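Presented below is the structure to which this report refers.
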Amino acid sequence: MAVELGDAGHAPKAGTAVNVSTLSSERRARLHINLARAHAQRRQVDNAVSALPEAETVTPEQVRNHRTVHQLVSDLLTMQDPPSPELRELADRAGA
């Protein structure tokens, strides 16, 4: 919710406080995607790149097929020049 409201500073703190064991796999993946978005909003590319494989581990299809992830990865590619090997691999897997 904090990411949607533009509060990228609060989102990582709030997201790490969530007990993910009670969440469905889709919601756990979405949490990691939103954490990655928050890091991207703060221009913390490495942290954003680290959050997305967590989502991919839970629901790979959501990372590969979600337009929000495609846009996020495209944005990360423009923020980091040249892209790190991890980001490049993520972009290839996500089809961005």
Side-chain angles (χ1 to χ4, degrees):
M1 182 72 120
V3 173
E4 295 297 326
L5 296 174
D7 191 358
H10 181 69
K13 292 177 219 151
T16 56
V18 173
N19 178 3
V20 297
S21 67
T22 61
L23 300 177
S24 68
S25 58
E26 291 81 12
R27 288 194 186 270
R28 281 195 315 268
R30 189 69 185 168
L31 173 69
H32 291 296
I33 292 167
N34 284 332
L35 287 172
R37 290 177 59 209
H39 287 300
Q41 287 176 9
R42 296 177 58 89
R43 305 196 73 71
Q44 299 170 336
V45 176
D46 292 335
N47 291 342
V49 171
S50 296
L52 287 171
E54 294 290 330
E56 190 176 25
T57 299
V58 177
T59 58
E61 66 283 352
Q62 190 169 5
V63 172
R64 293 186 192 123
N65 299 325
H66 204 288
R67 63 186 158 98
T68 300
V69 174
H70 291 189
Q71 183 62 54
L72 173 58
V73 173
S74 293
D75 292 346
L76 293 171
L77 286 167
T78 63
M79 286 183 216
Q80 193 175 66
D81 188 28
S84 67
E86 294 83 7
L87 177 54
R88 185 74 254 154
E89 290 170 13
L90 179 63
D92 290 343
R93 289 193 311 271

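All values reported here derive from a predicted model rather than from experimental measurement.
Both L87 and I33 belong to a common hydrophobic cluster when Ile, Leu, Val, Met, Phe, Trp and Tyr are linked at side-chain heavy-atom distances under 4.5 angstrom. Following chains of ILVMFWY side-chain contacts shorter than 4.5 Å, one can reach V45 starting from V69, so the two form part of one hydrophobic cluster.
Atom NE2 of H32 is separated from atom CZ of R27 by 14.0 Å, given to the nearest 0.5 angstrom. In this structure, OG on S84 lies 8.5 Å from CD on E89, to the nearest 0.5 angstrom. The CZ atom of R43 lies 9.5 Å from the CG atom of L76; values are rounded to the nearest 0.5 Å. Residue R30 holds its CZ atom at 5.0 Å from OG1 of T68, rounded to the nearest 0.5 Å. Here the OG atom belonging to S50 is positioned 11.0 Å from the CD atom belonging to Q44, to the nearest 0.5 angstrom. Atom-to-atom distance recorded for D75:CG and M79:CE is 5.5 Å, nearest 0.5 angstrom.
Residues A29 and Q62 approach most closely at CB-OE1, 3.4 Å, considering heavy atoms.
Atom CZ of R88 is surrounded by more than 12 heavy atoms from other residues, nucleotides or ligands within 6.0 Å.
Among the candidates L52, L90, L77, V63, the single residue satisfying the side-chain contact (heavy atoms from CB on, under 4.5 Å) test with L72 is L52.
Between the side chain of H70 and the main chain of A94, a donor-acceptor pair closer than 3.5 Å is present.
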Begin from the C-alpha positions of Q80 and D46 and carry the test side-chain contact (heavy atoms from CB on, under 4.5 Å) through to its verdict. CA-CA 9 Å; Q80 193 175 66; D46 292 335; 3.2 Å; yes
